[in-house]
Amino acid sequence: MKKPHVFIFCSLLLSLTACSVRKPLKPDAGLIKTIDQNFSDASAQYKVMMKYLPPDRFPKTFYSETKKFETSGSDWWCSGFYPGTLLYIYEQTHDQALYTETERILKVLEKEQYNKTTHDLGFMMYCSFGNANRIAPKTEYRDILINSAKSLASRFDPRVGCIKSWDSKKDEYLVIIDNMMNLELLFWASEATGDSSFYKIAVTHAETTMKNHFRPDYSSWHVINYNPETGAVQKKRTAQGYSDESAWARGQAWGLYGYTVMYRKTKDKKFLDQANQIAGFILNHPNLPKDKIPYWDFNAPDIPNALRDASAGAVMASALLELSQYTDKKNSNTYFTAAETMIRTLCGPPYKAAPGTNGGFILKHSVGHLPQKSEVDVPLTYADYYFVEAMKRYKDIADNK
Ligand code: GLY
């Protein structure tokens, strides 16, 4: 047993540490007003989007020049973002029409709980059913989430120590940095069922990814090709970035967000250190513009004329706000201020769409897959999702939630 004075000293130290970490941040009342206006505008925009959407389809993007509204089926990796965005807006505005639309589209999405051909089940099912269950828990949602986690876990191979991202040739086992975003679903399932195998898979995946996906400067490769028999790394390359050795902006954002969630769920300091290092890479990079919305790739050859990626900026803002709650005072202020700048930038031109335009999407100017010339400088459903999430997080910090 500890001696009383040692105990008192330890308690004091702990509470001092906690004080220096807990919310030393000063949210800006002006920005909160803008955010409230944004939520009200977003509600109107998503009602415009609803009119474009065929009943069994999900929004993908909108091409302003041709007025083409592109949609997908429920099996596309982005299908969860539409219901997720509706729910975040509904939470702030209490607009019942958005909740009714969410319930409708969740019915179209629910069959994906059994989809074992994709690693994207976290994006698809947790951003949607996860938020729905958080706001109004239902047994039906719980069952769907557990089945989704089982489908995701079926893609884990202990020989590699990762969940397989993309099905490929027999002698390849491909894992992308984006996959870090699917782990939160596994943590939820572990907590909901008491089955620690979900937790162990998430931790093993994150540890393997930490070992193989990161360069010494804490930027990440996009794709690691593992030997499926031995787990040895066969190749490190890109798919959506400028080059194999470049830092694709959204990939860096996925890593930042993913390791922040890992720390929230495990409280293991190595994951906090990893998230801090990734944040350092992003925020200290000479090619990060002053307004903090990154170019689509930190090494794009045509910087400063390269395209920006609003989606990467939105993911980074949301992740940095969460990370600002876990770290020491200096980093906390740096992350919070950077996230504020990102949100402020996205709230204005050229990013925020004028009411009634942009196919109902909130944001313009994201980059999906530039090497394939697909979804280049367009609105994207995940840019909207992480933007509204970042704004909610900002408000929650202001409200001390
Ligand atoms: N592969 C998901 C993304 O485009 O970020």
Side-chain angles (χ1 to χ4, degrees), residues 58-61 70-82 84-85 112 115 117-128 152 155 162-168 174-185 205 209 213 219-225 236-244 246-261 278 282 293-300 306-319 361 363 365-387 389-390:
F58 292 77
K60 213 171 169 181
T61 188
E70 213 169 83
T71 65
S72 77
S74 61
D75 58 348
W76 190 50
W77 76 276
C78 295
S79 53
F81 295 124
Y82 176 56
T85 305
E112 300 306 329
N115 186 343
T117 68
T118 177
H119 73 136
D120 285 318
L121 287 159
F123 283 123
M124 294 157 70
M125 308 307 273
Y126 198 69
C127 297
S128 53
L152 177 58
R155 295 180 65 82
C162 275
I163 295 162
K164 188 194 271 185
S165 294
W166 294 333
D167 294 340
S168 173
L174 303 181
V175 181
I176 62 174
I177 189 67
D178 323 28
N179 207 341
M180 286 301 302
M181 298 295 287
N182 294 309
L183 305 181
E184 196 172 352
L185 170 65
H205 181 98
T209 299
H213 249 93
S219 66
S220 54
W221 281 276
H222 186 198
V223 187
I224 304 291
N225 177 350
K236 304 183 177 197
R237 65 170 174 89
T238 198
Q240 283 167 257
Y242 165 64
S243 73
D244 288 347
S246 73
W248 172 51
R250 200 163 51 253
Q252 313 315 305
W254 294 145
L256 174 69
Y257 193 115
Y259 282 97
T260 303
V261 170
I278 300 168
I282 292 170
I293 302 305
Y295 297 103
W296 73 279
D297 191 300
F298 281 92
N299 306 105
L307 291 170
R308 306 289 195 93
D309 180 12
S311 76
V315 176
M316 286 172 187
S318 188
F361 288 91
L363 293 179
H365 302 302
S366 289
V367 174
H369 196 321
L370 196 136
Q372 272 186 1
K373 298 189 173 44
S374 153
E375 300 170 347
V376 176
D377 199 18
V378 290
L380 286 171
T381 178
Y382 42 99
D384 282 7
Y385 176 86
Y386 289 102
F387 179 52
E389 183 181 83

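Whatever order the structure lists them in is the order used to number ligands and atoms, beginning at 1. Keep in mind that the numbers below use all heavy atoms, side chains included, and drop hydrogens, waters and symmetry copies.
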May I have the step-by-step check of ring-ring contact (aromatic ring centres under 6.0 Å, His included) for Y386 and W254, ending in yes or no? CA-CA 11 Å; Y386 289 102; W254 294 145; 5.7 Å; yes
Name of the residue among F123, W77, F58, W76 meeting ring-ring contact (aromatic ring centres under 6.0 Å, His included) with Y382: W77
Strictly under 6.0 Å, is that where the ring centroids of W221 and H213 end up? no
Could you tell me, atom by atom, which parts of ligand 1 come under 4.0 Å of a heavy atom of [X]?
X	answer
D178	1 (N), 2 (C), 3 (C), 5 (O)
W254	3 (C), 5 (O)
W77	2 (C), 3 (C), 4 (O), 5 (O)
R250	3 (C), 4 (O), 5 (O)

Could you pull out every donor-acceptor pair under 3.5 Å between side chains of residues 366-380 and any protein atom, sequence neighbours left out?
residue: S366; atom: OG; partner: S311; partner atom: N; Å: 3.0
residue: H369; atom: ND1; partner: Q372; partner atom: N; Å: 3.3
residue: D377; atom: OD1; partner: H365; partner atom: ND1; Å: 2.6

Where the side chain of N225 meets the backbone of L174, is there a donor-acceptor pair that is under 3.5 Å apart? no
Side chain, backbone, both or neither: Q240 near ligand 1, heavy atoms under 4.0 Å: side chain
Measure the distances from the heavy atoms of W248 to every atom of ligand 1 and state whether one is below 4.0 angstrom. yes
